[in-house]
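Just so it is clear, the values below take in all heavy atoms, side chains as well, and ignore hydrogens, waters and symmetry mates.
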Amino acid sequence: RPAGTGAVTRFARIALATGPASPGSVRRMGESSGTAERGDGRSHDGDQPLRVLVVDDDPLLLDLVSEFLPREDERLELTTYRTATDAYEAVVDDHARVDCIVSDYQMPDLDGLELLDGIQETLADPPPFILYTGHGSERIASAAISMGVTDYVSKESGTEQYEILANRIGNAVERTRASRRVSTLDRVNTVIRRIDRRLVEATTHEQVNRVACDAFAHTEPYTFAWVGTVSDDGRVVPQVSSGPHEGYLAAITVTADDSP
């Protein structure tokens, strides 16, 4: 708001896409009502579910893990697989949303480190990977560390092991989420600096919005961004965009309280 005036500026919405824009790939950044998200840097995801994929060829072990892990940490939501191949397909081919993978080492089709290697080769940002095995040795532990396994937990007798495993899963996911928040903040700061340098040349609201969209659309991992303003009936009306959207903006209806 310019000094000395009574005009109030309504914040525009910026929506971002990490791939070709579609209703499922675009997410909102900022609020259209003029309110802002909490900016103290503290995490809001402490109570979020932790989606854990567990793979082991022992059905009894899978039953025990499914029973005892959620008792230790109620955030844990488990999906189990009997083969490494099925687990790989779920993560890579079916795009299952997974916060952590817990894998046995010795399995009939692939061993745990071969599964880890396949996931690392395919995913740009793989989830934490915990090797949970009763076939431990210094050789396996050394290979796991060299391949970048997140943690290594030995199977033991008794139920105390599930408390240890649940704690390791929680710690691994929290560290990964914290690292991703830092990376996101770094990307946002990079965009802000890029916008600041170009804003000195902008003389209209449209040019300002164009600068913002161009900056986001050319910053990894984003490929598309748009700015909309809130109309009198509460609809968010696209004004400026940057990047490929394949008719996305013409096909959506967004209100101030909705996300695309």
Side-chain angles (χ1 to χ4, degrees), residues 1-45 48 95-97 99 123-127 176-260:
R1 182 161 62 92
T5 71
V8 176
T9 300
R10 304 187 75 179
F11 290 111
R13 166 174 296 183
I14 298 179
L16 308 171
T18 55
S22 66
S25 69
V26 179
R27 54 194 176 89
R28 176 176 63 183
M29 181 171 183
E31 296 293 335
S32 57
S33 63
T35 61
E37 294 182 8
R38 198 159 111 194
D40 56 12
R42 285 185 286 169
S43 171
H44 295 269
D45 58 13
Q48 287 185 1
H95 305 289
R97 298 183 63 187
D99 294 310
L123 299 183
D125 187 18
T176 299
R177 287 178 174 176
S179 176
R180 288 170 178 169
R181 285 194 294 270
V182 170
S183 297
T184 298
L185 182 59
D186 287 343
R187 289 197 299 270
V188 170
N189 286 335
T190 297
V191 172
I192 290 173
R193 288 192 294 269
R194 186 176 299 165
I195 291 173
D196 283 344
R197 289 194 295 268
R198 293 186 57 192
L199 279 180
V200 296
E201 303 171 1
T203 58
T204 67
H205 283 296
E206 181 177 355
Q207 290 175 346
V208 169
N209 290 338
R210 173 68 63 187
V211 166
C213 285
D214 286 346
F216 277 110
H218 292 87
T219 300
E220 292 290 342
Y222 308 117
T223 60
F224 169 69
W226 64 274
V227 173
T229 56
V230 182
S231 63
D232 292 338
D233 61 1
R235 292 184 302 110
V236 179
V237 181
Q239 300 294 320
V240 177
S241 67
S242 182
H245 58 80
E246 298 179 354
Y248 170 78
L249 293 178
I252 64 168
T253 299
V254 182
T255 66
D257 296 325
D258 294 332
S259 59

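With hydrogens and angles ignored, the 3.5 Å screen pairs a side-chain donor or acceptor of R210 with a backbone N or O of S241.
Applying the side chain to side chain donor-acceptor pair (under 3.5 Å) criterion to D99, with sequence neighbours excluded, gives R51, R177. Take V237 and apply the side-chain contact (heavy atoms from CB on, under 4.5 Å) test, not counting sequence neighbours, and it matches S231, R235, Q239.
Between S242 and D214, the shortest heavy-atom distance links the atoms OG-OD1, 2.7 Å.
F224 has its side chain within reach of L249: a pair of non-hydrogen atoms, C-beta onward, lies under 4.5 Å apart.
The environment of CD in E206 is sparse: at most 12 heavy-atom neighbours from other residues, nucleotides or ligands sit within 6.0 Å.
Rounding to the nearest 0.5 Å places OG1 of T190 at 10.5 Å from CZ of F216.
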